[in-house]
Amino acid sequence: MDFKKIEQKWQDRWEKAKIFQVKEDSKKKKYYVLEMYPYPSASGLHMGHALNYTIGDIFARFKRMNNFNVLYPMGYDSLGLPAENAAIKNKSHPKIFTEDAIKNFIKQQKELGLSYDWSRIVETHKPDYYKWDQWIFLKMYERGLAYKKKASVNWCGKCNTVLANEQVHDGKCWRHKDSDVEIKQLEQWFFKTTEYADELYEGIEKLNNWPEDVKAMQRNWIGKSYGTIINFKIDDEIWPVFTTRPDTIYGVTFMVISAQHQRLNELVKGTKYEKDVNNFLKKIKSTKQEDLDKLEKEGVFIGKYAINPINNEKVPVYAGNFVLADYGCGMVMAVPAHDQRDFEFAKKYEIPIKIVIKPDYDLNPDKISRAYTSDGVLVNSKEFNGTNSLDAIEEITKYLEKKKLGKKTVQYKLKDWLISRQRFWGTPIPIIYCDKCGMVPVNEKDLPVKLPDDVKFISNENPLLNNNSFVNVKCPKCNGKARRETDTMDTFVNSSWYFLRYCDNKNDKVIFDPKKVKYWMPIDMYIGGREHACMHLIYFRFYTKFLRDLGLINIDEPTYNLFNQGMLHGEDGKVMSKSAGNGVLPEEVSRSYGIDTARLFLVSMASQEKDVVWSEKGIQGTYRFMIKLIDYFNNIKFSKIKNEKIESKLNSTIKEINKDIENFKYNLAVIRLRQLLEAINKEKEINKEIIEGFLKILSPFAPHIVEELWEKIGNKSFISISEWPKYDEKKIKPEYEFEDTFIENIKHDISTVIRLVGKEPSLIKIFVSESWKYEIYKKLAKMESRNMKEIIGKIMVKGHEKEIAKISQLFVKNPNNFNNVVLDQKTELKLVNDNKEELEKLFKAKVEIIKAESSKEEKAKQAYPGKIAILIE
RNA sequence: GCGGACGUGCCGGAGCGGUCAAACGGAACGGGUUUAGGCCCCGUUGGCUUAGUGCCUACGCAGGUUCGAACCCUGUCGUCCGCACCA
């Protein structure tokens, strides 16, 4: 079998006939299937990509055949660091690398048989795409959502640029797990994601079909917490602090200001403590990020005292290494008795500990070994004594609000998104600096600000810095001498709205036609890796909300359905990758087994959200199935006769496979397809309708081979756009599901009896008696109006507890289906009759089937109560 | 510390309140076909028995709810993942 030839043939035909291209069609229900678009790396498509796209493709094909107008596009996240690094290494331009890589990707993706609408391709490195990145930037700038500020930012020495918080994992750069991120004070561009913090947080609840862990990660990341801002005073100036435990305010014995606090310097400048503080700052600066979790709490007294507004107590202020500068107010009120960190600090610096919350037992401030952080009753808290601490949170806050000493508030962990990068291969930030006018945005009509082609990559430095034709411009306001911003935008800016551009990818007038976007959005199924939980998957929600508020779209969320596929592991159990050396390439597998085999195998190993392990043995097993399939069609014999049994099997398979595909349980779908082929294979002749139904439901999984077989049995159209078969509940007959085991048992019985009797039979009599279960069912049916529990209770006394309980419960659940559960006498008779010929042939004897009346065949019933009796003569 | 997920034969993995634990695939063993087999077909793979379609034990462990639990609840042990000095 020349797989390659068949694959090529159908890929060409699909492309020529444009069967996967779609347009808005108000008469059809739309369905938008999207995979996270790839970064087009030079090494091309690996098996993990193949798995990811196969999952999406099967889904898209399924929906398409189910009459949806399916938008299933592909694009490339083609701005980014690796291409730039490659360019530096080879003294070339990243554009060349990127475009080669994209070409290679497209070729390889086409070889997988993916049913993308290629006319909708989006490439983010093209000016006609990033022009709109810049346009969105200007809109944000107008509204104050894009701004520049000096801040402590994360710097990766290997990337030679700053990073967003989301891109720092465990104190390391997301791209360089071996490189510590440094904190630098720099002036940078930010997007004000915090503007939407609350909506981003509260909206998670509505993402009903997102994986729990991704939602949990986002909740954690955004980190909403309710608390109170309390105004302490230092040197008669108000210094607010944030706390979630205002109930402990009488227990404050000191304050801690973050060592990184912007205004720490103000407090110590010119005092005798300045030196101490500076020494302390130097000391903690040398601590590595990875030691942080083991880090002891340290601090230094800064020579100031704060006034607690509730009782005017004076408490010392320390600078500390454990207080975050950019969460809350950068300063905390420390209550050592009821906060573990404060406790450790107080112990170390011998600061008094004052108990203000009391549990059922007594706490001795000198003897406790750790802070008491649970709730209790307030003590040492003047008029609040005796109040439950949970109530006191409310009451003390109200009290402070009344006296204008504090207020209720909400805090978020989420910080604004740092988007500027000191690199070349990104979207230029459309800002101009004029000596006279200051910072001036580029006029919309002058977009895009294009990346120059004539650049020299001499070092790790951003080549835009020295590119005069890029940097030197006239000020849009005064026409005077000015220079461009040379920072570019984070690559995640591009991916924050690409899914909208697919809806209208060629529009050169506006970012997209809102009507088209309104038709296609939201994404109905978004497929990608879990690693984007706190990066892309937050940013694209933020963009959606911003563009909504701009009036361009009318949705709140980009998608309510997210699917995370599992990781692909190599045969050694480690995650499959080039660097681990356990990689298997799609084209290699395709060469020996065909790409359909690879697709089928990839998808058959486990439910798609679980990790899967590649195995050579496994793919051979799948290959055997493909060979069997092809063999079957080489010898196929059609019949006009209806076959109820196989019809039942097909219908039940369709019913189940629909659910399996919807739930991404492709492994189960594949099993059902195998079982269906087994069943079909057992029949000598087959009705053509059955075969066509089978091919259709197989087609999303193995599209090329199936198209070929579809054509072979005389069809001229594409099966890929044929209609998915509908199952008919009435045709699903459960007795056939029992038939095989039932007949197996009878065969077994007969041979046993023959062996016992010790003679070759000339006549075999099979007595089919009424099932006792069936009789009980009939009794129950008569009593249906009565309380089932009561009935069960009564019958139980008689000693058939288990069976009766089961049967009656089934009956309660679904009385109409009861016959599906127990074969009645009629069905058993039919099944024996159906197989009479086979039995006669097998035992070389005449078979007689007798309906046993309970009175007449008492003997048979006794020997085999409620079952089949065999007599041979 | 906080959060999330998961513990089922030799392995991967189905089952997610009762028809029914172990589908399906892999592996091993036995048999058939075969010159031979790495192809194909059949059987076996928790225990005890039987002529058998029978009984017992079992879904990490311990309790609970229920007429009935792998499945629901509580606790516990273990594994994996994410975040983390978030006041």
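Lettering of chains follows the sequences in order, A, B, ..., and the numbering in each one begins at 1.
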Would you call the rings of A:Trp239 and A:His261 parallel, tilted or perpendicular, taking 30° and 60° as the class edges? tilted

A:Lys224 and A:Glu202 ion-paired at < 4.0 Å: yes

Check this for me: does any side-chain nitrogen of one of A:Lys659 and A:Glu662 sit under 4.0 Å from a carboxylate oxygen of the other? no

Quick one: does any side-chain atom of A:Asn582 pair with a main-chain N or O of A:Lys574 as donor and acceptor, under 3.5 Å? yes

Structure string for RNA chain B in dot-bracket form, Watson-Crick and G-U at under 3.5 Å, | interchain: ((((((((.[[[..)..(.....]]]((((((.......))))))(((.....)))...[[[[[..)....]]]]])))))))....

What's A:Val323 touching, base or sugar-phosphate or nothing? Going by heavy atoms closer than 4.0 Å. base

Please work out which of the three classes, parallel, tilted or perpendicular, describes the rings of A:Phe345 and A:Tyr349, given edges at 30° and 60°. tilted

Quick check, are the ring centers of A:Trp614 and A:Phe601 under 6.0 angstrom apart? yes

Output the rounded distance in Å from NZ (A:Lys665) to P (B:rA14). 6 Å

A:Lys628 side chain near B:rC41 phosphate (N/O to OP1/OP2, under 4.0 Å): yes

Got a salt bridge between A:Glu212 and A:Lys215, using NZ or NE/NH1/NH2 to carboxylate O under 4.0 Å? yes

Rounded to whole Å, the OH-P distance (A:Tyr623 to B:rC39) equals 13 Å

Report, one pair per line, the protein and nucleotides 26-34 of chain B atoms (nitrogen or oxygen only) whose separation is under 3.5 Å.
| residue | atom | partner | partner atom | Å |
| --- | --- | --- | --- | --- |
| B:rG26 | OP1 | A:Arg624 | NH1 | 2.9 |

Between B:rU8 and B:rA14, how far apart are the P atoms? Round to whole Å, please. 11 Å

List every contact pair, protein side and nucleotides 6-13 of chain B side both N or O, where the distance is under 3.5 Å.
none

Rounding to an integer number of angstrom, what distance separates B:rA70 and B:rG60 when you compare their P atoms? 10 Å

Nucleotide B:rG82, atom P - distance to CD of A:Glu212 in whole Å: 18 Å

